[in-house]
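Each remark here refers to the structure printed beneath this line.
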Amino acid sequence: MKCPYCGFLESKVIDSRPADDGTSIRRRRECLKCQKRFTTYEKLETISLIVVKQDNSRQPYDREKVLRGIIRACEKRPITYAQMSELADKIESELYQMMSREISSTEIGEKVMTHLKELDEVAYVRFASVHKHFSDIYSFMTALQELLKDR
């Protein structure tokens with residue numbers, strides 16, 4: 001590891017410990033030339049996910065975009081930001097477990113709806129109304145009837 005002070009390429013690890021809830025490792029290092037100490041972080045490199053939109057365009061997966069949709073659906077509901085963030089993490093984890101580099105936006109929306117249905121029915125209906133493009137009151141009522149049937 002290159003020393004940020006003198007540029008020497010060799011250092012020794014003095015201390016290692018988990019960081020960021022175990023998703024990375026924090027290492028304290030000491031340069032073998034100037035003896036100054038510095039910190040590095042080691043993180044698992046993940047595959048990049050590509051979202052295939054309905055018009056067949058592609059864009060990188062963005063967890064924040066999913067989280068914004070969840071926040072919008074849960075607005076003025078008794079759901080904490082921590083719960084919404086945990087939901088976004090759970091969805092992201094499921095997407096990576098699918099072992100596919102390309103995922104349709106429809107699949108992502110379906111996963112969000114599945115989890116929102118368990119968390120809060122009103123948030124589920126709000127998200128579904130945008131995701132499923134309800135065109136009239138009858139399609140909205142159909143979704144509500146399905147929700148009631150599943151209860």
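Computed from heavy atoms alone, side chains included, the values below leave out hydrogens, waters and symmetry copies.
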- Query: Do Val66 and Glu92 have side-chain heavy atoms sitting under 4.5 Å apart?
  - Reply: no
- Considering all heavy atoms of both residues, which atom of Asp120 and which atom of Pro78 are nearest to each other, and what is their separation? OD2-CD, 4.4 Å
- Query: Just how far is it from atom CD of Glu102 to atom OG of Ser48, taken to the nearest 0.5 Å?
  - Reply: 10.0 Å
- Would Leu95 end up clustered with Met113 when hydrophobic side chains under 4.5 Å apart are linked, directly or stepwise? yes
- Item | Same apolar cluster (I L V M F W Y, side chains within < 4.5 Å links), Tyr81/Ile70 | yes
- Item | Thr142 side chain to Tyr138 backbone, donor-acceptor under 3.5 Å | yes
- Query: Of the non-hydrogen atoms in Phe38 and Cys31, which two are nearest, and what is the gap between them?
  - Reply: CE2-N, 4.2 Å
- Item | Heavy-atom closest contact (Met84 atom, Cys74 atom, distance) | SD-CB, 3.6 Å
- Check the surroundings of atom CD in Gln59: do more than 12 heavy atoms from other residues, nucleotides or ligands lie under 6.0 Å from it? yes
- Can you name the side-chain contact (heavy atoms from CB on, under 4.5 Å) partners of Ser129, sequence neighbours left out? Phe134, Phe140
- Task: To the nearest 0.5 angstrom, please state how far the CZ atom of Arg28 sits from the OG1 atom of Thr39.
- Result: 3.5 Å
- Message: How long is the straight-line distance from NZ of Lys12 back to CD of Glu10, given to the nearest 0.5 Å?
- Response: 12.5 Å
- Query: Are the side chain of Arg126 and the backbone N or O of Glu75 linked by a donor-acceptor pair below 3.5 Å?
  - Reply: yes
- If you round to the nearest 0.5 Å, how far is CD of Glu86 from CD1 of Ile79? 12.0 Å
- Within one Ile-Leu-Val-Met-Phe-Trp-Tyr cluster: Met98 and Tyr96, side-chain cutoff 4.5 Å: yes
- Task: Kindly indicate, with the supporting measurements, whether the criterion side chain to side chain contact (heavy atoms under 4.5 Å, CB included) is fulfilled by Tyr124 and Leu119.
- Result: CA-CA 8 Å; Tyr124 162 78; Leu119 185 65; over 6 Å; no
- Query: Is the number of heavy atoms from other residues, nucleotides or ligands under 6.0 Å of Gln35 CD greater than 12?
  - Reply: yes
- Distance col, row Met141:CE vs Leu148:CG, nearest 0.5 angstrom, shows 8.5 Å
- Message: I need the Arg27 CZ to Ser11 OG distance, nearest 0.5 Å.
- Response: 10.5 Å
- In terms of heavy-atom contacts, His131 and Gly109 come closest through CE1-CA, 3.4 Å
- Message: Checking Asp55 now: which residues fulfil side-chain hydrogen bond (donor to acceptor under 3.5 Å, both in side chains) with it, not counting sequence neighbours?
- Response: Ser57
- Message: Count I, L, V, M, F, W, Y as connected when their side-chain heavy atoms are under 4.5 Å apart, and connections chain through other members. Are Ile50 and Ile91 then in the same cluster?
- Response: no
- Decide if atom NZ of Lys117 counts as having more than 12 heavy atoms of other residues, nucleotides or ligands within a radius under 6.0 Å. yes
- Kindly give the heavy-atom pair with the smallest separation between Ala73 and Leu116, and that separation in Å. CB-CD1, 4.1 Å
- Message: In this structure, would Val112 and Leu49 fall into the same cluster of hydrophobic residues linked by side-chain contacts under 4.5 Å?
- Response: yes
- Task: Applying side-chain contact (heavy atoms from CB on, under 4.5 Å), name anything that partners Glu64, two or more places apart in sequence or on another chain.
- Result: Asp62, Leu67, Arg68
- Okay, side chain of Thr80, backbone of Gln83: is any donor-acceptor separation there less than 3.5 Å? yes
- Message: If we ignore hydrogens and angles and just use 3.5 Å, is the side chain of Arg58 paired with the main-chain N or O of Asn56 as donor and acceptor?
- Response: yes
- Item | Nearest heavy atoms of Ser105 and Gln54, plus distance in Å | OG-N, 3.9 Å
- Stepwise side chain to side chain contact (heavy atoms under 4.5 Å, CB included) test for Ser85 and Arg63: CA-CA 10 Å; Ser85 184; Arg63 177 192 176 277; 2.9 Å; yes
